[in-house]
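Remarks on the structure that follows.
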Amino acid sequence: MGVAKEVLLPDIGDFENVEVIEILVSVGDRVAVDDSLIVLESDKATMEIPSPFAGVVREIRVSQGDLVSRGALIAILEVEEAIETTAPLPSEGPQLSAAAPETAPDEAEAAHRPPEPEPPPAEAETIQPLPGSQEPGGKPHASPSVRRLARELGVDLRLVAPTGRKGRARKDDVQAYVKGMLAKGTSAGVPIAGVSVAAAPEIDFSKYGPTEVQALHRIRRLSAANLHRSWVTVPHVTQFDEADVTDLDAFRTREKPSAESRGIKLTFLPFVVKACAAALKEFPHFNSSLDRTGENLILKRYVHIGVAVDTPNGLVVPVVRDADQKGLFQLAEEIQELSERARDRKLRLEDLEGGSFSISSLGGIGGTFFTPIVNHPEVAVLGVSRMEWKAIRRGDGFVPRLMLPLSLSYDHRVIDGADAVRFTRRLAAFLSDLRLLLL
Ligand code: CAO
């Protein structure tokens, strides 16, 4: 049978009536020396109060929201005589300050950044301004032990949804995040949380010259999260190709006035959408998604094509539904209408849902080739760059031809390289000779 020992709040510096914001242990828990018991928060700092000895928690004498000062009874632990440590009890007079040195919060936090091996008796950190602490690039708000837990589990705290007061991430939040990730897993069964990279150093760029901080727009933050997920979960390969669009351009130039008379701007994009829709019919696995297990392919019998639109606030991808069933003018009209609404921020949720393949056209701006990122859970995306006159060898000589650069990025778990080039060759054939679309 052990001995019941009181855990009293040690000297935590120049603080009185500090609020208990988190209780980290439950009755029956076994704790070791320096295991954190509760978290306190003052105006300036948060502090974890560690156990001065090892034992089993028999009673917790504070509740969340209580205000406590030095000497307050926190808990009663049952300590085995044999394992009772020599760590001084807070109530043991002069030794107290050794157990809980009066440390300025800033210094205490600095002293606890990794890779410091051992935490001090009272772990404190300065409170970051909130609620901006959850902004990308901002420092998430969490106590040292939560940070340590996140580090041990390889969790980026910025991705954890905090449920604590003032946007603070708690241990439960980190655990819930990890559980969520394990439940999702990647299709290969490897938890995404397993991807662990060194934290980016925090650099004060103003040391090198004048700077300005601009908050990212919500659209950019959302697309950044989706792009990042796609980048780390999809094994990307990009196939480059060129389509001879000399005849297509001549046809488009001829048809433009007729389109304009109906208020339609006939650019290259509707032709590319039409050609992609036809190619997707012939290569159905380009119009599919992997299911969550990664063991089945969901082939879509519909062809809904997302079109990346550049807006002042970031990239959005509205979807042209049933693109295979629409004529060129209808496609042109719809793309025009969707991109206008995207730029006026008038898209509805349903405009953005359900895409089965995406096209990103930078041809109106310029450039040659690029590597677009697959719009997960789709498995392929086509990048289109600016067409250019090139000398193409025909017979014994060279002929000038308008060539359109194509960049097809695809998920290599679903699509093989040979199929990717077959797809781009077929696409190029459709774009070179529109009559093939009629067959
Ligand atoms: N080669 C040469 N000219 C091209 C071309 C190409 N590949 N693509 C378009 N053009 C021409 C158009 O024909 C038009 O010229 P005309 O007025 O003489 O017909 C002009 O460039 C401007 O076209 P546009 O950009 O207004 O229209 P679009 O249908 O080609 O594209 C849209 C519409 C919404 C896709 C486009 O405006 C856009 O936002 N593109 C950016 C997409 C993006 O940011 N992608 C990057 C995503 S990151 O992966």
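With respect to E242 and K390, a salt bridge is recorded, a charged nitrogen being found less than 4.0 Å from a carboxylate O. Salt bridge annotation for R422-D419: present, with a cationic side-chain nitrogen under 4.0 angstrom from a carboxylate oxygen. For R426 and E282, the salt-bridge test passes: some basic side-chain N is under 4.0 Å from an acidic carboxylate O.
With contacts defined as side-chain heavy-atom distances shorter than 4.5 Å, the pair L297/L290 qualifies. The shortest side-chain heavy-atom distance between I359 and V384 falls under the 4.5 Å cut-off. Residues K346 and E340 are not in side-chain contact: their nearest non-hydrogen atoms beyond the backbone lie 4.5 Å or more apart. Side-chain atoms of R147 and L157, non-hydrogen and from C-beta on, do get closer than 4.5 Å to each other. Looking at heavy atoms from C-beta onward, R61 lies out of side-chain contact with V7 at the 4.5 angstrom threshold. In this structure, the side chains of D351 and V319 stay at 4.5 Å or more apart for every pair of heavy atoms. At least one side-chain heavy atom of V27 sits under 4.5 Å from a side-chain heavy atom of I60. For the pair L9/L40, a side-chain contact is recorded, criterion being any heavy-atom separation below 4.5 Å from C-beta on.
Aromatic ring pairs are classed by plane angle as parallel below 30°, tilted from 30° to 60° and perpendicular above 60°; the pair F251 and F271 is perpendicular. Using the six-membered ring where Trp is involved, F423 and F357 have ring planes that are tilted, between 30° and 60° apart.
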Per-pair distances, 0.1 Å, donor-acceptor, side chain in residues 432-439, under 3.5 Å, sequence neighbours excluded:
{"residue": "S432", "atom": "OG", "partner": "D244", "partner atom": "O", "Å": "3.0"}
{"residue": "S432", "atom": "OG", "partner": "A428", "partner atom": "O", "Å": "2.7"}
{"residue": "D433", "atom": "OD1", "partner": "R435", "partner atom": "N", "Å": "3.1"}
{"residue": "D433", "atom": "OD1", "partner": "R435", "partner atom": "NE", "Å": "2.9"}
{"residue": "D433", "atom": "OD2", "partner": "R435", "partner atom": "NH2", "Å": "3.0"}

For residues 364-379, please give each side-chain donor-acceptor pair under 3.5 Å, one per line with the distance, not counting sequence neighbours.
{"residue": "N375", "atom": "ND2", "partner": "S358", "partner atom": "OG", "Å": "3.2"}
{"residue": "E378", "atom": "OE1", "partner": "S358", "partner atom": "N", "Å": "3.2"}
{"residue": "E378", "atom": "OE1", "partner": "S358", "partner atom": "OG", "Å": "2.7"}

Might you work through the salt bridge (charged side-chain N to carboxylate O under 4.0 Å, His left out) test for E334 and K326, ending with a clear yes or no?
CA-CA 10 Å; E334 229 174 274; K326 292 178 177 163; 2.9 Å; yes
Checking R425 against D241 for the side chain to side chain contact (heavy atoms under 4.5 Å, CB included) test, could you report, in this order, the C-alpha distance in whole Å, the side-chain angles of both residues, the deciding distance, and whether it holds?
CA-CA 8 Å; R425 283 291 72 216; D241 209 334; 2.8 Å; yes
Given side chain to side chain contact (heavy atoms under 4.5 Å, CB included), test E388 with R386 step by step and report yes or no.
CA-CA 6 Å; E388 214 184 336; R386 194 169 192 80; over 6 Å; no
Applying side chain to side chain contact (heavy atoms under 4.5 Å, CB included), run through V317 and V309 and close with a yes or a no.
CA-CA 6 Å; V317 190; V309 178; over 6 Å; no
Go through the steps for V273 and I335 under the test side chain to side chain contact (heavy atoms under 4.5 Å, CB included), then give the verdict.
CA-CA 10 Å; V273 171; I335 293 166; 3.9 Å; yes
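No donor-acceptor distance shorter than 3.5 angstrom exists from the side chain of D322 to the backbone of Q325, with no hydrogens or angles considered. Put simply, the side chain of D173 never gets that close to the backbone of P162: no donor and acceptor are under 3.5 Å apart. The backbone N or O of I38 lies less than 3.5 Å from no partner atom in the side chain of S36, so there is not a single donor-acceptor pair. A donor-acceptor pair under 3.5 Å links the side-chain atoms of D291 to the main chain of T293, judged by distance alone. D29 places a side-chain N or O within donor-acceptor distance of the main-chain N or O of S26, the cut-off being under 3.5 Å. The backbone N or O of K265 lies less than 3.5 Å from a partner atom in the side chain of Q336, making a donor-acceptor pair.
Shown here for E255 and L266, the closest heavy-atom pair between the two residues is CB-CD2, 3.7 Å. Between A279 and L427, the shortest heavy-atom distance links the atoms CB-CD1, 4.2 Å. In terms of heavy-atom proximity, D411 sits nearest to P235 at OD1-CD, 3.5 Å. Taking all atoms of both residues into account, the shortest heavy-atom contact from L404 to S385 is CD1-O, 3.4 Å. Smallest separation of non-hydrogen atoms from V160 and A169: CG1-CB, 4.4 Å. Residue I23 comes nearest to V62 through the heavy atom pair CD1-O, 3.5 Å, listed as atom of the first residue, atom of the second, then distance.
Among residue pairs with one or both ends in residues 293-328, those qualifying as ring pair (Phe, Tyr, Trp, His ring centres under 6.0 Å) are Y302-H304; sequence neighbours excluded.
Between atom CZ of residue R345 and atom CD1 of residue I219 there is a gap of 6.0 Å, rounded to the nearest 0.5 Å. In this structure, CG in L67 is found 5.5 Å from CG in N17, a value given to the nearest 0.5 Å. Atom CD of Q330 and atom NZ of K274 lie 9.0 Å apart (nearest 0.5 Å). One distance of note links CZ of R170 with CG of D172; it measures 5.0 Å at 0.5 Å rounding. Note: H285 NE2 to Y410 OH = 10.5 Å, rounded to the nearest 0.5 Å. Distance check: L315 CG to S223 OG gives 6.0 Å after rounding to the nearest 0.5 Å.
Side-chain atoms of K300 and S289 include a donor-acceptor pair closer than 3.5 Å. Counting only N and O atoms by type, the side chains of D35 and S51 include no donor and acceptor under 3.5 Å apart. Side chains of T311 and N313: no donor on one and acceptor on the other come within 3.5 Å.
No more than 12 heavy-atom neighbours from other residues, nucleotides or ligands sit within 6.0 angstrom of NE2 on H228.
Judged by a 6.0 Å distance limit and a 45° cone about the ring axis, R252 is positioned over the six-membered ring of F268.
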